[in-house]
Amino acid sequence: MPVQNAEVAAMFDQAAELLEIKGDNPFRVRAYRRAARTIERLPRSVSSLVKAGEDLSELPGIGEDLAGKITAIVGSGKFDLLEQLKRQLPGELGEIATLPGLGPKRVKLLYDKLGVRSLDDLRRAVKSGRLRELRGFGVKTEQNISAALAKPQTAKRYKLPVAEAEAEALVAHLQGAKGVERVVVAGSYRRRRDTVGDLDILVTARAGADPGDRLAAYDNVASVLAHGPARTTVVLRSGIQVDLRAVPEASYGAALMYFTGSKAHNVALRGLANARGWKLNEYGLFDGRERIAGRTEEEVYKKLGLAVVPPELREDRGEVALAKAGRLPELVSLADIRGDLHVHTDWSDGTAPLAEMAAAAKARGYGYIAITDHSRRVTVAHGLDPGRLSRQIDQIDRLNAKLEDFTVLKGVEVDILADGSLDLPDSILSRLDLVVAAVHSKFDLSRMAQTERIIRALDNRNVSILAHPTGRLIEEREPYAVDLEKIFAAAQQRGCYLELNSDPDRLDLADINVQAAKAAGAKVAISTDAHSVAGFANIRFGIDQARRGWLEAADVINTRPLAKLKQLLKR
DNA sequence: GCCGTTTTCGGCCCGACTGTTTTCAGTCG
């Protein structure tokens with residue numbers, strides 16, 4: 001099994017942690033962290049890049065040295081530097097440094113002075129009361145560490161609908177405060193990541209208003225972690241952390257940029273400001289003491305010589321250079337979508353009748369939908385056998401005869417069986433306008449077997465779209481092992497398309513996979529997999545991820561009018 | 001360790017808050 005990007009990134013992160021504890025050059029530490037982020041979010045696997053002889057030092061934050069190290073890791077599965085560091089320092093020190101309130105300096109001090117090599121050692125040190133003897137440690141710090149040790153450090157992330165519900169209630173609460181002007185949710189929420197770790201909320205307020213007090217007084221606050229004049233941090237009962245930042249109106253744009261991130265994007269922008277002898281912070285862009293921009297994001301980007309970067313692209317993955325050249329992609333948007341190509345009805349496990357789903361889609365301004373109920377193997381979903389599917393085809397024909405300016409396409413979500421064959425015969429599949437094929441079983445096949453299984457399904461000339469290609473359920477089920485690069489290439493060669501499933505529990509393909517599909521020349525269908533009328537609204541989540549994957553309208557097949565779409569579906 | 005409208009060497013983002021200290025280091029985002 002080739003080395004996965006996540007493994008290389010983890011090795012670099014661990015090395016960075018240990019280097020930092022050792023007191024190594026902080027910029028070297030940062031270089032390893034930056035490289036880890038680059039690798040982690042890379043649309044292609046480093047293993048395949050190495051195999052293809054690509055120049056890794058072209059990647060942002062990766063130079064000659066790290067390119068060589070990555071190549072060595074891909075070859076041996078081992079990272080020599082990390083092994084070496086672990087011989088010098090206990091590997092678990094890195095873990096200790098992830099406890100809130102404990103960083104590299106303190107971990108080093110604990111190790112040097114008290115011989116703390118593990119979390120258990122740390123527990124014993126706290127119990128014995130030796131902690132507070134150390135310089136810089138006091139009773140309060142001891143309590144905080146003790147509390148951190150008591151609860152498991154799970155970096156939980158929240159799905160977007162959950163985050164949205166929390167955020168909207170909180171925004172309403174903050175807007176009710178006297179003197180508060182703007183309230184906006186920034187952070188990864190604004191960048192529309194598929195999950196959100198915390199809520200970053202920016203407010204502008206008139207002098208004298210204290211939005212931090214207002215936040216601390218919110219009903220759903222479980223604890224206040226920090227509360228100063230400019231920043232307040234709380235944890236809500238749900239466990240989600242909220243960081244509130246208050247700035248004057250004149251700093252709104254700069255603060256919004258700062259708080260939207262990503263951190264790496266900000267660092268890149270601040271570097272650009274530096275290069276011109278300016279300084280960029282959350283209060284504005286400064287030439288000496290003079291603020292030369294800051295009221296709006298547009299103003300700051302423009303002054304830096306950049307086009308405004310859409311929040312979804314702010315990940316330091318090449319967008320800054322393109323913004324400088326004025327060549328940012330024209331990202332696909334909700335208004336581009338003309339139809340939905342994965343829709344269920346009460347013929348299988350949907351809740352609404354066919355005509356109702358069609359009417360709802362038409363009311364959304366769509367020109368078409370494809371009805372794609374489950375096939376027979378999915379018995380729990382009352383999947384269709386050839387006889388029922390045939391009757392549904394007839395019903396759709398009758399419905400289409402009555403509809404104006406709207407077309408219901410005949411389709412099915414056919415199961416891909418364990419051997420890659422399909423759950424319905426070609427005789428019925430060939431009567432459909434499109435076939436969505438999906439894996440709903442045997443998630444535990446080997447990577448090679450799963451890949452071959454899916455490609456065999458794509459070999460069937462009736463198949464149009466591969467639904468939720470990795471099978472992941474966010475925070476619930478990992479993607480199954482599969483070689484997506486091979487799948488994308490196979491789809492592209494066969495005239496098949498990849499689904500970006502908009503269900504916020506799935507968002508499958510994920511953003512970076514979408515980008516990889518595009519790189520492979522494959523096009524995408526952004527579909528909702530709606531099981532009810534309300535389900536159509538999920539399209540916006542799919543659009544978010546498509547934008548994060550750098551897709552333009554031309555990369556998405558359901559931005560086409562019906563006639564063009566039909567041409568694309570021929571193979 | 002990376003990188004170049006400031007550079008192939010010498011820089012590398014910037015500020016808030018806490019807890020400790022008695023002026024600031026460490027951590028965090």
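So that the names make sense, note that chain A is the first sequence line, chain B the second, and so on, each numbered from 1.
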(Q) Tell me every residue that passes side chain to side chain donor-acceptor pair (under 3.5 Å) with R34(A), counting only those two or more places apart in sequence or in another chain. (A) D316(A)
Q: Would you please name every residue forming a side chain to side chain donor-acceptor pair (under 3.5 Å) with N25(A), sequence neighbours left out?
A: none
Q) What residues, two or more places apart in sequence or in another chain, satisfy ring-ring contact (aromatic ring centres under 6.0 Å, His included) together with F541(A)? A) none
Q. Are F12(A) and F79(A) an aromatic pair by the rule of ring centers under 6.0 Å?
A. yes
Could you give the side-chain donor-acceptor pairs of residues 138-148 of chain A under 3.5 Å, partners two or more places apart or in another chain?
unit_1  : atom_1 : unit_2  : atom_2 : d
E142(A) : OE1    : R132(A) : NE     : 3.0
E142(A) : OE2    : R132(A) : NH2    : 3.0

Q) Base, backbone or nothing for each nucleotide of nucleotides 2-8 of chain B, written B, S, -, heavy atoms under 4.0 angstrom, 5' to 3'? A) SS--B--
Q) On a whole-Å scale, what distance lies between the P atoms belonging to dG4(B) and dT22(B)? A) 44 Å
Q) Counting any heavy atom closer than 4.0 Å, what does N281(A) reach on the DNA or RNA strands: base, sugar-phosphate only, or nothing? A) sugar-phosphate
Q | Letter per nucleotide, 5' to 3', of nucleotides 16-29 of chain B [B base touched, S only sugar-phosphate touched, - untouched; heavy atoms, 4.0 Å] | A | BSSSS-----SSSB
**Q.** Ring-face cation contact, Y283(A) with R291(A), 6.0 Å cut, 45° max
**A.** no
Q. For atom C1', what is the distance between dT20(B) and dG26(B), given to the nearest Å?
A. 10 Å
**Q.** NZ or CZ of K156(A) within 45° of Y158(A) ring axis and under 6.0 Å
**A.** yes
Q.
Any donor-acceptor pair under 3.5 Å linking the side-chain atoms of Y258(A) with those of K263(A)?
A. no
